[in-house]
Number of protein chains: 2
Amino acid sequence: MPKRVDHEQRRRQIGEALLRIASTRGLQSATMREVAAEAGVSLRLVQYYFHTKEQLLVAALAYLAEQLTERVSASIRALGPVTSRTVVYGTLTAVLPTDEESVRLTRAYTGFYTLVFSEPEMALRHGAVYPDKLESLLAKHIAAAQEAGEIADDVDPALTAAALLALTNGLGSSVLGGQRDGAAALRILEDQLGRLFHARLSRPPT
Amino acid sequence: MPKRVDHEQRRRQIGEALLRIASTRGLQSATMREVAAEAGVSLRLVQYYFHTKEQLLVAALAYLAEQLTERVSASIRALGPVTSRTVVYGTLTAVLPTDEESVRLTRAYTGFYTLVFSEPEMALRHGAVYPDKLESLLAKHIAAAQEAGEIADDVDPALTAAALLALTNGLGSSVLGGQRDGAAALRILEDQLGRLFHARLSRPPT
DNA sequence: CCTTTAGTGATACGAGCGTATCATCAAGGC
DNA sequence: GCCTTGATGATACGCTCGTATCACTAAAGG
């Protein structure tokens, strides 16, 4: 066999070119030709490694999920010792588009998310319901914090986890839509989180 | 002048055909030809009333906003006497995709919202930042409920209004994405609203 | 009556898209 | 040392899109 090039590296190179386009010009302008130009390769090469555009999208989404989970765990680690509280804070703030990297990730992710609306069949062909895992993870840690007395007893962990995730997604959309900046969104999220944690302490019976 | 047809009615007929497509097959498949077919007219007629597609989109968005505000006020009215509490509840639950009509409206609205991501210049050419007005309205009524003792004093009306709106948008997206159904989303929203209102009463100092 | 003009229809154009085709090149196995 | 086969490049095809063009109709005004 000739040309001993690393296939996986090439696929990554192309896949991340698509992500770069998705996070700047939007996923809808990530055409095969644009991706090829962004990756610095020929159109034929993109077709060679990904027989169809759908395959390319799926691979790129996998790379994106990889980057996202890495960012989330890094954000948790940065908050010091791993507690239920740091996991919840770290997870949600990592997803929120506050700095350049998270804006990039959120923009790309939103592109794929909206793609599901327009092409539901494609979403069915591949499993990948990422947020569901996050939600149960959050619910678990909320319940744990509840047992530790950091969260009021009458809080429903499942409902609250879903609410926090939906809140964060909604805030992210508003940031991307230019309605507010990342700092303002973070303030809103932290207000809600602060109200949830230590609810017993900060809420006197006045 | 010949053919005494009502121009505004014709424009509405075409604009609502676009909305119908946007809420079923998605806004991206609302091409000029599809809209013409859906409205039961020729392509030329669509071009006649809307010189460009952008004009058609803008007009359709105006119709959609009209329908949305009407639904919101109807939802508030249905909750009985108009109080700050019913305004907040009515507004948010009206936006949430729980029944067939709200699913239609939310789907169409989401289509336009995602269009802003891909075509930011178009959003700049026309003002129309609908949610900002809603947010200040909610903040006003939260502050009023606070004065009436229905909401805890340490709640920040502006931050909370933004959070509720973002939460509702996020929940709406999750419903449209098939992550949960409208009833589940409503449960999550009502849990949060119930926790906000009567915070003093339902939160014993235990 | 017939001219003007708003309304309507069928069709064409150029661009961009995903995908397919054809030819070429380089490296190992016999 | 050729020949098989994986890797690469240039180009073409068929489709759909928004938009433009050309011709035709019918009703009001002089």
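In what follows, every chain begins at residue 1, and chains take the letters A, B, ... in the order their sequences are listed.
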Where protein sits on nucleotides 14-20 of chain D, one letter per nucleotide: B base, S sugar-phosphate only, - none, heavy atoms under 4.0 Å: ---BBBB

Nucleotide D:dA10, atom P - distance to CG of A:L45 in whole Å: 12 Å

Distance in Å, B:N169 CG paired with A:Q179 CD, rounded so as to fall on 0.5 Å steps: 8.0 Å

Between C:dG18 (C1') and A:M122 (CE): distance, integer Å: 14 Å

OP1 or OP2 of D:dT8 under 4.0 Å from side-chain N/O of A:Y49: yes

Value in whole Å for how far the P atom of C:dG16 lies from CD of B:Q28: 21 Å

Cation over ring face, A:R85 and A:Y89, 6.0 Å, 45°: yes

For A:A60, all residues meeting side-chain contact (heavy atoms from CB on, under 4.5 Å), sequence neighbours excluded: A:L18, A:L19, A:F112

Heavy-atom check, side chain of A:V88 versus side chain of A:F197, under 4.5 Å: yes

Counterpart residues, salt bridge (charged side-chain N to carboxylate O under 4.0 Å, His left out), relative to A:E101 (two or more places apart): A:R71

Residue-phosphate contact under 4.0 Å: A:Y48 side-chain N/O, D:dT8 OP1/OP2: no

Presence of A:S42 side-chain N/O under 4.0 Å of D:dG9 phosphate oxygens OP1/OP2: yes

Side-chain heavy-atom pair B:T91, B:V87 within 4.5 angstrom cut-off: yes

